[in-house]
2 protein chains.
Amino acid sequence: MLNYSTSEENYIKAIFHLQQADGNVTTNELAAELKTKPASVTDMMKKLKTKKLVHYRAYHGFRLSADGTKLALIIIRRHRLWEFFLAEKLKFSWEEVHAVAEDLEHVSSKKLIDKLDEFLSFPRFDPHGDPIPDSNGKIETSKQVCLQDLPLNKLAMVSHVSDQSKEMLELLGHKKIGIGTKLEVKRKFNFDNSLEIKIRQPRRTSPDQPPINISEQLSNNIFAKYDE
Amino acid sequence: MLNYSTSEENYIKAIFHLQQADGNVTTNELAAELKTKPASVTDMMKKLKTKKLVHYRAYHGFRLSADGTKLALIIIRRHRLWEFFLAEKLKFSWEEVHAVAEDLEHVSSKKLIDKLDEFLSFPRFDPHGDPIPDSNGKIETSKQVCLQDLPLNKLAMVSHVSDQSKEMLELLGHKKIGIGTKLEVKRKFNFDNSLEIKIRQPRRTSPDQPPINISEQLSNNIFAKYDE
DNA sequence: AAAATAATTTAGTTTTGTCTAAAAATATTT
DNA sequence: AAATATTTTTAGACAAAACTAAATTATTTT
């Protein structure tokens with residue numbers, strides 16, 4: 001595996017994320033994402049094309065090639081493992097973790113990352129609940145849906161929280177919901193789309209907690225996974 | 001504290017190390033150290049001068065300013081803390097540690113480094129036995145001398161090994177000498193400058209080991225510290 | 001389908017860090 | 001102290017990654 005510049009890596013990572021939604025990524029989108037100018041994006045796309053990391057036809061957008069995707073997953077793996085390390089071992093808070101990992105992710109030693117992974121006991125999710133690709137680049141794909149879209153009476157695990165403002169974290173703390181919390185949606189009220197959910201206690205501390213209410217707004221910001 | 005490029009940081013660090021020996025550093029010396037060309041060094045020195053990190057007069061060499069020294073100690077702190085982390089937590093071997101730390105040292109978050117320091121319980125020496133500057137840039141200065149220069153019958157602790165070839169490590173392993181080993185030089189033979197040394201057992205496993213012999217060559221590569 | 005608008009690319013600069021080759025300053029020899 | 005050798009600096013170029021302004025292509029509107 002060759003070595004890529006920090007800038008190239010940032011482009012690849014950004015394309016990967018934009019692709020998740022779109023499929024095809026455009027010059028302006030990417031420029032906005034990277035806070036750079038469209039002209040710079042075009043320059044870089046030409047370079048990444050000659051390196052066979054993206055498929056690109058002038059004026060028609062681009063997407064990652066197989067090699068580009070592989071590279072993206074390597075970078076995402078580095079990023080998320082460092083995030084986990086920072087939160088778990090160095091006691092950084094959720095919000096601080098991302099910026100520092102943004103730098104650490106460009107240190108490219110494969111051995112470093114694999115040993116870090118082992119040191120952390122092969123965590124499967126970063127502190128935001130996003131899955132961490134394994135050393136072969138395989139990533140958990142089980143779909144994540146917001147609480148609104150969960151089927152009723154289906155046990156699910158909270159895996160992601162999109163808004164991380166102080167206010168949001170305060171509310172989550174109060175309701176005792178965090179990444180990893182297991183819960184079931186018991187009812188959905190069509191009047192205001194609020195939900196009644198039941199939280200499954202991890203080690204059945206108290207025998208059975210009463211169900212709690214979640215507003216539509218909140219439920220749209222909490223994501224969870226479940227087995228089909 | 002401002003932010004400096006990887007390249008600038010590498011120059012600053014190299015000057016710091018060359019200064020230890022010399023005092024004044026020359027263009028060619030630095031070019032050799034950094035495996036670059038003298039012309040590049042001149043260019044960079046002009047820049048570092050305008051940034052007030054070095055004192056520099058054309059044709060007369062250079063040395064770090066107060067600010068430059070401060071920066072050098074920050075970089076060295078990062079480098080050695082990462083080395084300690086890699087060896088202690090990720091189980092990298094001595095030889096591997098340096099190259100990876102070379103990259104990690106350029107991640108410039110002060111908070112990261114201070115939290116890492118805390119996580120590692122504030123280690124005072126890296127795996128090579130070099131002292132780690134504290135968060136204020138203070139560094140242990142107790143002098144280190146090679147075994148040749150130790151006074152007789154003075155208890156000293158091995159703190160550094162300059163050569164780290166396979167052959168050297170093999171020999172050290174055989175003689176059961178490593179960083180932290182406490183020893184005393186009992187005699188010095190002027191014929192071949194070989195030494196007779198006694199190793200102090202850490203927790204007096206066996207009551208008292210017989211003295212062992214160290215060749216001049218070996219003794220020049222092992223450094224130790226002692227109280228005055 | 002032509003005109004207007006929006007998106008993208010090209011052309012030409014800039015900055016950082018490097019290089020080679022030539023010129024200038026310093027050091028060493030004789 | 002003049003000649004020679006060495007070291008250092010200058011001058012001019014280049015590659016990476018960014019930018020601005022102008023030109024080109026695609027898309028939408030009328």
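Convention: sequence-line order gives letters A, B, ...; per-chain numbering from 1. Keep in mind that the numbers below use all heavy atoms, side chains included, and drop hydrogens, waters and symmetry copies.
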Checklist line | Any A:Tyr4 side-chain nitrogen or oxygen under 4.0 Å from OP1 or OP2 of D:dA16 | finding: no

Could you list, one pair per line, each protein nitrogen or oxygen that sits under 3.5 Å from a nitrogen or oxygen of nucleotides 25-28 of chain C, together with the distance?
residue: C:dA25; atom: O4'; partner: B:Tyr59; partner atom: OH; Å: 3.4

Side chains of residues 27-40 of chain B: which donor-acceptor partners sit under 3.5 Å, not counting sequence neighbours?
residue: B:Glu29; atom: OE1; partner: B:Thr26; partner atom: N; Å: 2.8
residue: B:Glu29; atom: OE1; partner: B:Thr26; partner atom: OG1; Å: 3.3

Next item on the list: Check whether any side-chain nitrogen or oxygen of B:Ser7 sits under 4.0 Å from OP1 or OP2 of C:dT18, and answer yes or no.
Entry: yes

Checklist line | Protein-nucleotide distance (B:Met45, atom CE; D:dT8, atom P), rounded to Å | finding: 12 Å

Note to self: What I want to check is whether the side chains of B:Ser135 and B:Asp114 have a donor and an acceptor closer together than 3.5 Å.
What the structure shows: no

Next item on the list: Would you indicate what A:Phe62 reaches in the nucleic acid, counting non-hydrogen atoms under 4.0 angstrom: base, sugar-phosphate, or nothing?
Entry: nothing

Next item on the list: Quickly work out the B:Asp43 CG to C:dC19 P distance and round it to whole Å.
Entry: 10 Å

Checklist line | N or O in side chain of B:Thr26 less than 4.0 angstrom from D:dT8 OP1/OP2 | finding: yes

Check: Does NZ or CZ of A:Lys115 fall inside the cone over B:Phe92's six-membered ring, less than 6.0 Å from its centre and within 45° of the axis?
Finding: yes

Note to self: Check for me whether A:Lys89 meets the cation-pi criterion with A:Phe84, that is, NZ or CZ under 6.0 Å from the six-membered ring centre and within 45 degrees of the ring axis.
What the structure shows: no

Note to self: Any side-chain N or O of B:Tyr11 below 4.0 angstrom from OP1/OP2 of C:dT16?
What the structure shows: no

Item checked: Where at least one partner belongs to residues 9-34 of chain A, residue pairs that pass ring pair (Phe, Tyr, Trp, His ring centres under 6.0 Å), sequence neighbours excluded -> none

Check: B:Thr27 side chain N/O closer than 4.0 Å to the phosphate oxygens (OP1, OP2) of D:dT9?
Finding: yes

Check: Are A:His128 and A:His98 linked by a side-chain donor-acceptor pair shorter than 3.5 Å?
Finding: no

Notebook entry, point to check: Does any residue of residues 28-40 of chain A have a heavy atom under 4.0 Å from DNA chain D, and if so, which ones, in number order?
Noted result: A:Thr36, A:Lys37, A:Ala39, A:Ser40

Next item on the list: Please name all residues satisfying side-chain contact (heavy atoms from CB on, under 4.5 Å) with B:Glu9, sequence neighbours left out, ordered by chain then number.
Entry: B:Tyr4, B:Ile75, B:Arg78, B:His106

Check: Going through the checks in order, is the side-chain hydrogen bond (donor to acceptor under 3.5 Å, both in side chains) test met by A:Ser194 and A:Glu216?
Finding: CA-CA 5 Å; A:Ser194 69; A:Glu216 177 179 22; over 6 Å; no

Next item on the list: With sequence neighbours left out, write down each residue that passes side chain to side chain donor-acceptor pair (under 3.5 Å) with A:Lys49, or none if nothing qualifies.
Entry: none

